[in-house]
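Data first, discussion second: the structure below is written as structure tokens.
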Amino acid sequence: MQGFVTLIQAAVFFGTVIMFGCIGEIIAEKAGNLNLGVPGIMYLGGIASLAAVFIYEGSTENPSKAVCVLIALVSAFCASALGGLIYAFLTITLRANQNVTGLTLTIFGSGVANFFGGSLNTLAGRFEQIAVPVTSSAFRTTITPLADLGIVGKLFFSYGFMVYLAILCAIIVHRFLMHTRAGLNLRTVGENPQAADAAGINVTKNKYLAICIGAGISGFGGVYYVMDYIKGTWANDGSIEKLGWLAVALVIFATWKSINAIWGAYLFGILYWMYMYIPGLTRSSQEIFKMLPYVVTIIVLVVSSMKNSREKQPPASLGLAYFREER
Amino acid sequence: MAETAIALKHVTKTFGSVVANDDVTMEIRKGEILSLLGENGSGKTTLMNMLSGIYYPDGGEIFVDGNKVTIRDPKDAYELGIGMVHQHFKLVDVFTAAENLVIGIDSHKKLNRKEIAESMRWICEKYGFRMDPEKKVYDMSVSEKQTLEIIKVLYRGARILILDEPTAVLTPQETEKLFAVIRNMKEDGKTVIIITHKLHEVLSVSDRVAILRKGAYIDTIETAKADESILTEMMVGEKVELNIERPEVKDKKKRLTIQNLTCYNAEGVKVLDDVSFNVYGGEILGIAGVSGNGQKELLEAIAGLQSAAPEAQIDYFLPDAEEKIPLLGKTPRQIRDLGVHLSFVPEDRLGMGLVGTMGMAENMMLKDYRSGKSFFVGKKHPKELAEKIREELGVVTPGISTPVRRLSGGNVQKVLVGREIAENPTVLMTAYAVRGLDINTSYTIYHLLNEQKMKGVAVIYVGEDLDVLMELCDRILVLCGGKVNGILDGRTAKKEEVGLRMTKLQNDSAPKKKTAKKSEEGAAK
């Protein structure tokens, strides 16, 4: 039982990081832009929040927890949205290839983040790790009375607020896309930009907004990873990138519906950590288990393609640039 | 005198060097059904796209209800009460009918699907449509999609409706239904503009007809005072003398026979209907028809790129043998190797014939890379060929390695036709070979085709300019609705006759066969 509880907890931690990344990506893809820069954007979000609160904690006597959280989230959102803006400018205005641009953004984001992450570690002292204890503890504060409710508390209430924010985000984004006119317009842009244009929707504006806001939300995944998952430190080990790719895979798994991303993210988490809880695995057989999330994604792709259900397909003009005066 | 809904003054639009609309001045009256008539490329759709905000005019003024307006995008058009149903539907497949109605409008209102469905039902009842608001677009037939487009325009409060070739995709019954709806809309005080090139429809539904020819406005006449021959004459214009050479070749040999060719497109619509004709070496067979009447499919079927219904038969005769070789069932490569060449399809000039980012030499290689025995491709021959074509046809390019994408349209055509001719074809098929080319280049292409003809090649020339067809071709096959609507002798045919056959299926099948036979006999002599 103890093992089960810790597995679920690990899965929730893990899932929350990729859920943020996935929700942001869903918004961008619904606008017809396949943003493979998600890992880079999560890196940007992570390092921006870490640097900002590091400066704040270092310059203030008694840093306030609320201010710390606010600074972390705002700086991460801005940095990630800026990353999205670069991508949007290249792919929408300059009509560069989306895949190439996205991959470049991933390389750029991880380079920038690891460069500054290394610098921050140096700043923090030669042999020390950087730490932002106040902010990190603020992110990890649980809802006290509920978290003590035995197994139920451990399973559902033993997490920082970002876990619940991610679920809320997924629900809001789903409501927005499926049940508002603005969401309908956005989906039109991703499905058929010609139709959107003829209906008077500003295709460029919608794409820019979707990509930038989507990137901002993806960036929260980086914040959560840095502040909660690795407890306010920095590690130049590329694990954000790995999670970023899983976030992209999760978009497909969730069939472009953010509501599915909630359980999908936790399922990915369970699959990813399962090797820890299966007795008798050697180091090499562990790696096979780590593969499971990807295998499941491929199976979902195969099944949904075979079923030929139109609702479960990617947006029709995903990956294509839009020209108006084309003849 | 009725009030004016829209007035266009000196409206001009150019695309690159092509003038799509040249100084168009015309009026559309309130509450009328106006047909906009013209051949392909006469600028009907471009003109209307400027009213619906898809294009912006280069010059001229537009007045709506007497006020000068600027229509920058479709939103402006909707605000002025102008709505257009495009030929290619602008619908989102995965949305329901109701959802498609509201995209792009009232963005700040709540998305109340019930309310939208309610107003949709109301519109349907008023004008006599049938449509389930919950139906997804991907489950709809073509005519349902069109109905939805019209409902969409009405839902947005359009007072002036523009329908771009609405009947092109409809069956006769569906067309009748559509016309009933159009008349209902007129009753309701709406102004309706129909873009079309079907004469009988013009005559049956519209109040007035406006005619465009080659981008220029010709005139508007009352439908009551018009008949088919008047309209055809206005549409095709006076015969223009072009002085294209038409050498006579003796000893024409049968090269291809096409029998009972029927093809369906991806949507299952019949695009070619029981087409039968012969092609002879040493002649240019012109194919006339409004675009989208099966020309593309016909050429592709011969080239092996289009599958045909089982009863069809296409036979090929080798130059010096009587034996016939069936082409159906052969791969495009096998057909090519027999000498049947499909060259330039400028609807997709670069896409199908050439690779835009490659230079002339590399494009030559596309047809030639299999020839050598070595593992590596030989570059010498393609380079020589490219140089030869560049010199002989006068291709203007900085060098044979300059990407062909950067060449002008005429030069791209020359590269394509040069490459096909270099392989000594026995059948050369060309589609819209001179579209977008200047006069001199066009004559160069005509000359090239004539040279091939003199060599005994069977040339099939799909064209859109009737004057050219009538001066260049020995015989003209007219396609209408995927059917062969007469094969005329290019030397004796009248322009009006070709124009009429393009737009209206002739019921006199008996005399048609006779003419066809006669001209074929003439060709065989």
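Computed from a prediction, not measured in an experiment: that's the story for all the values here. Each chain gets a letter, A, B and so on, in the order its sequence line appears, and its residues count up from 1.
The neighbour count for A:Arg95 CZ, taken as heavy atoms of other residues, nucleotides or ligands under 6.0 Å away, is above 12. Heavy atoms of other residues, nucleotides or ligands lying less than 6.0 angstrom from NZ of B:Lys145 number more than 12. Counting non-hydrogen atoms of other residues, nucleotides and ligands closer than 6.0 Å to OH of A:Tyr294 gives a total above 12.
Between A:Arg187 and B:Glu99, some side-chain heavy-atom pair lies under the 4.5 Å cut-off. Two residues are said to be in side-chain contact when any heavy atoms from C-beta on lie closer than 4.5 Å; B:Arg113 and A:His179 meet this criterion. Two residues are said to be in side-chain contact when any heavy atoms from C-beta on lie closer than 4.5 Å; A:Leu184 and B:Val102 meet this criterion.
Both the backbone and the side chain of B:Lys109 have a heavy atom closer than 4.5 Å to some heavy atom of chain A. With a threshold of 4.5 angstrom between heavy atoms, A:Ala198 approaches chain B through its backbone and through its side chain. Within the 4.5 angstrom heavy-atom criterion, only side-chain atoms of B:Ile116, from C-beta onward, approach chain A. Of the two parts of A:Thr188, the backbone and the side chain both hold a non-hydrogen atom closer than 4.5 Å to a non-hydrogen atom of chain B. Both the backbone and the side chain of B:Ile103 come within contact range of chain A, each with at least one heavy atom under 4.5 Å from a heavy atom of that chain.
Contact count against chain A (heavy-atom pairs under 4.5 Å) is highest for B:Lys136 among B:Lys136, B:His88, B:His86.
Proximity of a side-chain donor or acceptor of A:Asn192 to a complementary backbone N or O of B:Leu91 within less than 3.5 Å is detected.
Separation of atoms CG (A:Asn202) and NZ (B:Lys75) is listed at 8.0 Å; rounding is to 0.5 Å. Expressed to the nearest 0.5 Å, how far CG of B:Asp93 lies from CD of A:Gln313 amounts to 12.0 Å. Atom-to-atom distance recorded for A:Gln194:CD and B:Phe89:CZ is 15.0 Å, nearest 0.5 angstrom.
Considering all non-hydrogen atoms of both residues, A:Arg181 and B:Ile105 come closest at NH1-O, 3.5 Å. Between B:Gly104 and A:Asn185 the shortest heavy-atom distance is N-OD1, 2.7 Å.
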